[in-house]
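Single-structure report; data block below.
Just so it is clear, the model here is predicted, and its values are computed rather than measured. In each ligand, atom 1 is the first atom listed, and ligand 1 is the first ligand listed.
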Amino acid sequence: MKIHAHSLNKVYIQGEKRILALNNIDIDIAEGKFTAIVGTSGCGKSTLLRTLSAIEEPSEGDVFYDSQNIYKLSDRERAALRRRKIGIVFQDYSLLPTLTALENICTPTLMDNKKPDMKYINSVCEILGISDRLHHIPNEMSGGEQQRVAVARALVNKPSIIFADEPTGNLDKNSAHELLDLLLITKKEYNQTLLMVTHDQDIAAHADIIIHMDNGTIASQQ
Ligand SMILES: Nc1ncnc2c1ncn2[C@@H]1O[C@H](COP(=O)(O)OP(=O)(O)OP(=O)(O)O)[C@@H](O)[C@H]1O
Ligand SMILES: [Mg+2]
């Protein structure tokens, strides 16, 4: 699936302050490619990711998946689209605190009344090195382990697009590269589009396309 967005603006109002988090962004995300988004803290990377991933409606502008205008769908249709077509790794992981790691990972599948593919889940968890943490709740895991659980959850439905917000932010260099390798392997296997926010130059260097954001705009694309 390819993503096309145009004239995206996102305004946050905080008291008297008006924050223009996205300022007239036009963007195409190529199908089947790894695109990295980089830029200084507060420049709008997470806001752009949330807007492109059908989570947060822009103040102005449209987002298309292929020819479908996703914010013209009903909330219910958009939620179903998210579950079936998209995997998201949030910057704060957003795991459900009362569920075990395995229950968290299976949630997107169960919400669709489908049966989790345990063979696939086990192989993903093996590569991520979290196989022995699956029956723990998030509070009983380290930040890096929670981050990897969030990655497994994003992959569980073998989505067309993976959105990942700093998925290696809490990992050491080795674990970060293992995670990147996993994302690149599944991307290839399922012809996924991968869009990743990262501060890590080493990780961004593996991307097909690097988008530099600055103050709510796209400063360059290479
Ligand atoms: N829900 C919100 N309410 C008000 N302001 C917000 C909200 N979310 C983001 N912002 C503001 O929008 C701007 C962009 O934030 P965003 O989280 O997208 O930045 P970022 O590039 O992801 O930063 P970081 O690298 O620190 O994660 C910032 O000025 C931020 O304070
Ligand atoms: Mg962010």
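For Gly39, the closest heavy-atom approach to ligand 1 does not fall below 4.0 Å.
Under the 4.5 Å side-chain heavy-atom criterion for ILVMFWY residues, no single connected hydrophobic cluster contains both Met111 and Leu99. In this structure, Leu184 is a member of the same hydrophobic cluster as Met196, with clusters built from ILVMFWY side-chain heavy atoms closer than 4.5 Å.
Judged purely by distance below 3.5 Å, without hydrogens or angles, the side chains of Asn9 and Ser59 never pair a donor atom with an acceptor atom. Between the side chains of Glu56 and Thr51, no donor-acceptor pair is found at a separation under 3.5 Å. Side chain to side chain, His199 and Glu166 meet the donor-acceptor criterion of an N or O pair below 3.5 Å.
With a 4.0 Å heavy-atom cut-off, ligand 1 is reached by the backbone of Thr47 and by its side chain too.
Close approach of ligand 1 to His199 is summarised as follows: ligand atoms under 4.0 Å from at least one heavy atom of the residue are 25 (O). Set against the non-hydrogen atoms of Ile19, the atoms of ligand 1 under 4.0 Å away are 5 (N), 12 (O), 29 (O). Residue Gln91 has at least one heavy-atom neighbour below 4.0 Å for each of these atoms of ligand 1: 27 (O). Short contacts between ligand 1 and Gln14, defined as distances under 4.0 Å to a heavy atom of the residue, involve ligand atoms 4 (C). Interface of Arg50 with ligand 1, defined as ligand atoms under 4.0 Å from a residue heavy atom, comprises 8 (N).
At a cut-off of 2.8 Å, Gln91 is counted among the residues with an N, O or S atom near the Mg ion (ligand 2). Taking backbone and side chain together, Thr47 holds no N, O or S atom under 2.8 Å from the Mg ion (ligand 2).
Here the protein heavy atom with the shortest distance to atom 25 (O) of ligand 1 is Lys45 NZ, 2.7 Å. In terms of protein heavy atoms, atom 24 (P) of ligand 1 is closest to Ser41 OG, 3.6 Å. From the protein, the heavy atom lying nearest to atom 1 (N) of ligand 1 is Tyr12 CE2, 3.7 Å. Regarding atom 14 (C) of ligand 1, its nearest protein heavy-atom neighbour is Gly42 O, 3.3 Å. Among protein heavy atoms, atom 17 (O) of ligand 1 sits closest to Ser46 CB, 3.8 Å.
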Set out, in order, the CA-CA distance, both residues' side-chain angles and the distance that settles side chain to side chain donor-acceptor pair (under 3.5 Å) for Asp214 and Thr217, then state yes or no. CA-CA 5 Å; Asp214 181 28; Thr217 65; 5.3 Å; no

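A parallel orientation is assigned to the rings of Phe64 and His6, their planes being inclined by less than 30° (bins at 30° and 60°).
Atom 31 (O) of ligand 1 is not flagged as protein-proximal [any protein heavy atom, distance under 4.0 Å].
For the pair Lys158 and Tyr120, the cation sits on the ring face: its NZ or CZ lies under 6.0 Å from the ring centre, inside 45° of the axis.
The environment of Asn215 atom CG is sparse: at most 12 non-hydrogen atoms of other residues, nucleotides or ligands sit within 6.0 angstrom.
Using a 4.5 Å heavy-atom threshold, the side chains of Pro97 and Asn139 count as separate.
Between Ala21 and ligand 1, not a single N/O pair is under 3.5 Å apart.
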